[in-house]
Amino acid sequence: MFTIIFLLNLLPTGFTQNTQNTLQPSYFTYQEKSVQANLTGSQPHILTIVHYNDNSGTVVVRIGRANYYNYVTNNYCYEQRLLLRVIKADGSVIPMNYENATEIQDINYCAVTTLAKNPLNIYPLFDQYILVTYTHATNTSDTSTYVDRGMVFHWDGTIISKLEFGPSYLSPGTNLNLNEFVINNITPKNGFLRLSTVNDPTSLQITAIATLDGGYALIYTNTTNRTFTSDNILAAQFSANAGIYAIILYCSVDFVFIGHSCIASAKHTQTAAIPSTTTNSVTFYVRIRFLSSGTIQSLDPIIPQNSGNLTDARTLPFGGYALITEVINGQNYNFTLDLYDEKDNLSEYNSPLKQIAANFNGAFDVLQNNTLLVALNETTASWQILLVDLPPLSQYNKIYYGNMHVKEAYPPANFKYLPLNTNMINITFDVPVSLSDANLIIYQKINKEVILRQFINSTNCNNCNTSGEVITLNVLSCTFNDPGGHYFIQMDNNFVKSAEYDEPILGIDQNMWNFQTKNVTSSEKNTDNSGDIGGILRLTNSGSQHFQKLNDSEKHDFFVTLIDQLISMIPTEKGRLKSNEHYQLNTSNILVSLFIHKAKDNETLTAANIKDYLHQLIINKAFTGILTGNVTKLLDETYGFQRSQDIGKKYSALIIIVIMTFIILLILSFIFSLKLKSKNFKTIMSAALKIGLIIPNFVLLILFVAHNSNDIPGLHLPRYFY
Ligand SMILES: *[C@@H]1O[C@H](CO)[C@@H](O)[C@H](O)[C@H]1NC(C)=O
Ligand SMILES: *[C@@H]1O[C@H](CO)[C@@H](O)[C@H](O)[C@H]1NC(C)=O
Ligand SMILES: *[C@@H]1O[C@H](CO)[C@@H](O)[C@H](O)[C@H]1NC(C)=O
Ligand SMILES: *[C@@H]1O[C@H](CO)[C@@H](O)[C@H](O)[C@H]1NC(C)=O
Ligand SMILES: *[C@@H]1O[C@H](CO)[C@@H](O)[C@H](O)[C@H]1NC(C)=O
Ligand SMILES: *[C@@H]1O[C@H](CO)[C@@H](O)[C@H](O)[C@H]1NC(C)=O
Ligand SMILES: *[C@@H]1O[C@H](CO)[C@@H](O)[C@H](O)[C@H]1NC(C)=O
Ligand SMILES: *[C@@H]1O[C@H](CO)[C@@H](O)[C@H](O)[C@H]1NC(C)=O
Ligand SMILES: *[C@@H]1O[C@H](CO)[C@@H](O)[C@H](O)[C@H]1NC(C)=O
Ligand SMILES: *[C@@H]1O[C@H](CO)[C@@H](O)[C@H](O)[C@H]1NC(C)=O
Ligand SMILES: *[C@@H]1O[C@H](CO)[C@@H](O)[C@H](O)[C@H]1NC(C)=O
Ligand SMILES: *[C@@H]1O[C@H](CO)[C@@H](O)[C@H](O)[C@H]1NC(C)=O
């Protein structure tokens, strides 16, 4: 009894809870249409399952039908088509087929080693991009002509770019190991690293991972003899006279602790003291935690219950790890999963999944939301994936924001009532943090478009405060300005680091921290008393030079784009901003005029609001969307938006005179036409109208020029600077 209590005390809460629960599988089935007539009768096999590393839950599945059996490699060659199926979190599937067998040749669809590995690999990059790497030969019977290539596909099937990686070490029919690694940067948009190694697969295991500081770590086993004096189990494994090589090496970010971690199984060969006697080989397992600097934090032995046939390992995003056994069973694999918690205890879960009949290739994957996917036996026209949400196996029962180090945040995820113009956000971590070197980006989703509202760079942030586990960041009051707006915040990896270890901390992905600003009710809505507002923007030196080179129609396009971009960045309704397309050269800068229309009844922002937001956006150009628009980035951040004297008020007398003239002209022309009863009546009438219309326009242009010519020399005239 005592023992049981003792054990339960040791167990993390999440673990205890899940031992009582049963893991419930669900299934995803997809119907394939066969397009290769001679293979209609054979099953589409799932060859690989991979996922995007952005917490979107998007999975890419590669399928292929067995085409013929290759007796050299003792493996199947698949149909000569690259068939990818993108499965989105909502269950929709986007099929992508690439059929050019001159570019991706047959050799890529065949296993080249007895390890059944294909030279073709797929790597989801980011957004809607997938990298495919393959080997290409100008002469397939001459191994010296083999080169490694890559193509980046968009989900719509278009090829975004083609890459040449250089000579390939692939020689068909030999047992050379194909060790290719394409490692996405920890922030995938920053690129990827590709490595290829040539070695005998049985002697050396190598792996590479993206580290949280934006770099990469190459992890390999060192077969040097070592001597350990300590008498613990692990040290004994590393004892003298032992050659060590790894069989399994799986590394990733450590989701629970700071840093990275690897699970390795290694074989040590005990050479007998007397030569020519038998050597023993012993397999052992370790979990290694280390920091980016290379410092080893811990080295713990693992005692798997199912040691003999272990084939793979995975660190689980919600804590703990999985050891995987795949045993060939006829045409399929028997797939067994053993779950271990952070203390290396086997997790006893009740599940019908103790043994899964996986497919022909034993394809599986673990997603960032801790869901295990296993490819099941296919039928002639469909394939099926088993999904099961694995339990959290750390001290944390619930994981928020897809990051175990984040305990809470303000505004909290899914909050719906963030007050407008909130100018502070905060994040509480589970360890003391300090600012590091990356961005935190606030986006707004408007319909299907994503608009950058503000970014904060942790290296040069004046308004960021850290205090123990909490960081507080000031944001511009124009950022959360859109009533009922849908916002999300992305925190890049290494935005903060552990204050204790100086080690980068994992960020928050795009899909995890979503919230909404408060709606404005009609009673709260203030009526727009500000009237129309006229004002001036200034272009930077380079912007002015660019502008002066444009011809008239390009200048027109410039104004149209400027207004479109500003409307979406403020954001406000179309039609609220207008430009008469007048501009003026002052010293070396171009000034352009811009009018803000007052709100009509159902529009949310007053003209004064728009003026303030616009000015704030421009003067903070380096941190707002202004920098991202090809036209708005030409706006001068030292000038902002400066209100011109209200033309209507200042020159109202002039305008009245203009209008009077216009009316008089109209009346005159009418009288004139009546008297003459001329057939030219219409001509005269329209001429009068034209003059009448041209005059006010002309006057306004003069006013704009005159008014600004007087005031230009000073940049910040208090009279106009609002
Ligand atoms: C099916 O057709 C492809 C393309 O024509 C060919 O390469 C392949 O050998 C054929 N497979 C069988 C089993 O006939
Ligand atoms: C995890 O992601 C997969 C794929 O998007 C989804 O089917 C599954 O329901 C998710 N699990 C949880 C617990 O959200
Ligand atoms: C297939 O690829 C080859 C080699 O890259 C290229 O020359 C050919 O134009 C491509 N064929 C088609 C139909 O795109
Ligand atoms: C392997 O380990 C030994 C002893 O620690 C070291 O001297 C040697 O440089 C290492 N080899 C490599 C390739 O890192
Ligand atoms: C390891 O030790 C054995 C026995 O002393 C020796 O034969 C072997 O060469 C050593 N290996 C290395 C890599 O030093
Ligand atoms: C590995 O699997 C084979 C086939 O199922 C079985 O005979 C053998 O006992 C297993 N080895 C261990 C150590 O479990
Ligand atoms: C695979 O699993 C099936 C069903 O559980 C079992 O009958 C069979 O013996 C297993 N095969 C191997 C090789 O372990
Ligand atoms: C897998 O499918 C094939 C063909 O449909 C069938 O012959 C085989 O028995 C199936 N295997 C299992 C384990 O269901
Ligand atoms: C974060 O900000 C909110 C809103 O101002 C505040 O209520 C909360 O106490 C802050 N959290 C921490 C840990 O400071
Ligand atoms: C942050 O700002 C610093 C200094 O201005 C710059 O060197 C760095 O590249 C910026 N970092 C990012 C992630 O943009
Ligand atoms: C805000 O208003 C919109 C449109 O009236 C509505 O669709 C949305 O649900 C409202 N949001 C909240 C949080 O009340
Ligand atoms: C606002 O009103 C105008 C005209 O009454 C209408 O065309 C427009 O769709 C309305 N906009 C919204 C957001 O309700």
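Read the numbers this way: they start at 1 and go in the same order the structure lists the ligands and their atoms. Remember, it's a predicted structure, so these values are computed and weren't measured experimentally.
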Asks: So do I508 and I489 actually touch side chain to side chain, heavy atoms under 4.5 Å?
Replies: no

Asks: Could any protein non-hydrogen atom be found less than 4.0 Å from atom 9 (O) of ligand 9?
Replies: no

Asks: Under a heavy-atom criterion of less than 4.0 Å, does E469 contact ligand 9?
Replies: no

Asks: At a 4.0 Å threshold, what atoms of ligand 7 neighbour a non-hydrogen atom of Q355?
Replies: 1 (C), 2 (O), 3 (C), 4 (C), 5 (O)

Asks: At what distance is the nearest protein heavy atom to atom 5 (O) of ligand 9, and which residue and atom is it?
Replies: M424 CE, 3.2 Å

Asks: For ligand 7, which atoms, with element, lie under 4.0 Å from some heavy atom of V327?
Replies: 13 (C)

Asks: Tell me if a side-chain donor or acceptor on T379 pairs with a main-chain N or O of S382 at a distance below 3.5 Å.
Replies: yes

Asks: Is there side-chain contact between M404 and D430, with heavy atoms separated by less than 4.5 Å?
Replies: no

Asks: Of the side chain and backbone of N370, name the one, both, or neither that has a heavy atom under 4.0 Å from an atom of ligand 2.
Replies: neither

Asks: Please determine if S56 has a nitrogen or oxygen closer than 3.5 Å to a nitrogen or oxygen of ligand 2.
Replies: no

Asks: Taking atom OH of Y410 as the centre, report whether more than 12 heavy atoms of other residues, nucleotides or ligands fall under 6.0 Å from it.
Replies: yes

Asks: Find all atoms of ligand 2 within a distance of less than 4.0 Å from any non-hydrogen atom belonging to G57, and give their numbers and elements.
Replies: 4 (C), 5 (O)

